[in-house]
Amino acid sequence: MVSLIHQLLRSRFSQVSNDTSCRDYNLKAGRTFLPNSFSKDDKDFPLLRSALDARMKQLTRNNVGTHNKQAQLISIDMENSLWKKGVFGCSSAQCLLDTLFYYNCKLFGMRSGDEHRSLCLEMFSFGEDLAGRFILFSGGKSKTTQGGLTQGRVLFKSIKRYASDHANPSRCIVALYKQYFDSVGSIYTGPFYRKSLPPDSQNVLRFGSQVVGVNTLKQKIKRIRHAGGFSGYFTN
């Protein structure tokens with residue numbers, strides 16, 4: 001079957017390549033495509049279409065190409081495991097950076113590597129109201145909010161997350177973000193993700209002015225998965 005398909009394809013492409021009248025017709029008509037041998041209206045190669053059709057049906061019966069690669073979500077149990085294993089937390093600058101990357105996905109809707117790369121420190125602010133201490137995220141454009149003529153007036157998302165001091169102090173989102181901002185220090189504007197540095201002599205977390213690259217950000221979930229000992233395909 002495969003050799004027959006190859007033979008038919010070679011014959012068809014050889015004919016098209018040598019058919020100057022066909023090329024001249026397409027050029028005059030402003031076309032840049034070759035005749036479609038797979039169209040049911042093409043009368044020259046019914047055997048080619050029949051052979052390809054039979055092969056595609058055979059592959060479908062064998063479940064080849066019938067399933068899309070589905071990304072898994074990090075479950076609550078996995079998330080708890082990452083905390084227990086020390087993958088999440090603030091034991092090191094890298095650990096805190098990985099933690100905030102994950103919660104930027106989960107709590108503030110960051111998905112693509114470009115969205116993470118365009119995330120800025122000034123998009124976050126801290127405050128307190130009657131419900132308690134909070135962190136406020138005021139987002140910019142994302143994959144689904146680009147603006148322009150097709151979308152008209154776009155309202156960027158504004159998300160508020162409250163502290164969880166009583167439920168689980170070590171996992172308090174507001175405290176973790178505040179620690180990161182304090183560790184960044186005077187660099188309170190610009191790109192959110194800064195390169196982690198070794199702690200100082202007093203074991204204080206440190207981050208440099210260098211920005212984490214987009215390729216590194218795209219590999220963050222994979223890094224977290226490996227550190228947690230999870231197998232499978234995960235995405236932001």
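Quick note: numbers below take in every heavy atom, side chains included, and nothing from hydrogens, waters or symmetry partners.
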How are the rings of [X] and [Y] set to each other: parallel, tilted or perpendicular (split at 30° and 60°)?
X	Y	result
F181	F126	perpendicular
Y193	F101	tilted
W83	Y103	tilted

Going by side-chain contact (heavy atoms from CB on, under 4.5 Å), name the residues that satisfy it together with N203, two or more places apart in sequence or in a different chain. P199

K195: side-chain contact (heavy atoms from CB on, under 4.5 Å) partners, not counting sequence neighbours: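 For K195, the residues satisfying side-chain contact (heavy atoms from CB on, under 4.5 Å) (neighbours in sequence not counted) are Q210.
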
Side-chain heavy atoms under 4.5 angstrom apart, residues restricted to Ile, Leu, Val, Met, Phe, Trp, Tyr: same cluster for [X] and [Y]?
X	Y	answer
L100	Y162	no
M110	V214	no
V211	F207	no

[X] side, atom [atom1]; [Y] side, atom [atom2] - distance, nearest 0.5 Å:
X	Y	atom1	atom2	result
T99	I224	OG1	CD1	7.5 Å
R117	S112	CZ	OG	12.5 Å
K84	S81	NZ	OG	7.5 Å
F88	L82	CZ	CG	4.5 Å
L96	C90	CG	SG	6.5 Å
I74	C105	CD1	SG	8.5 Å

For residues R171 and N80, is any side-chain donor paired with an opposing acceptor at under 3.5 Å? yes

Side-chain donor-acceptor pair under 3.5 Å between D98 and Q94, yes or no? yes

How close do [X] and [Y] get, heavy atom to heavy atom, and via which atoms?
X	Y	result
S91	G86	OG-O, 4.2 Å
G109	E115	O-OE1, 3.7 Å
F192	N104	CE2-ND2, 3.5 Å
I159	R161	CG2-NE, 3.6 Å
E79	Y102	OE1-OH, 3.0 Å
R133	V174	NH1-CG1, 3.5 Å

Count the heavy atoms belonging to other residues, nucleotides or ligands that lie under 6.0 Å from NZ of K85, then report whether that count exceeds 12. yes

Are the side chain of R206 and the backbone of L197 linked by a donor-acceptor contact shorter than 3.5 Å? no

Under the 3.5 angstrom rule, does the side chain of T216 hit a backbone N or O of V212 as a donor-acceptor pair? no

Full working for side-chain contact (heavy atoms from CB on, under 4.5 Å) between K178 and C172: CA-CA 10 Å; K178 189 66 168 65; C172 176; over 6 Å; no

Between [Y] and [X], is there a side-chain heavy-atom distance shorter than 4.5 Å?
X	Y	result
F134	I173	no
P191	L119	no
L97	Y180	yes

Counterpart residues, ring pair (Phe, Tyr, Trp, His ring centres under 6.0 Å), relative to F108 (two or more places apart): F124, F137, Y177

I'd like to know whether S125 forms a side-chain contact (heavy atoms from CB on, under 4.5 Å) with I135, so could you lay out the CA-CA distance, the side-chain angles of the two residues, the decisive distance to 0.1 Å, and finally the verdict. CA-CA 6 Å; S125 60; I135 180 171; over 6 Å; no

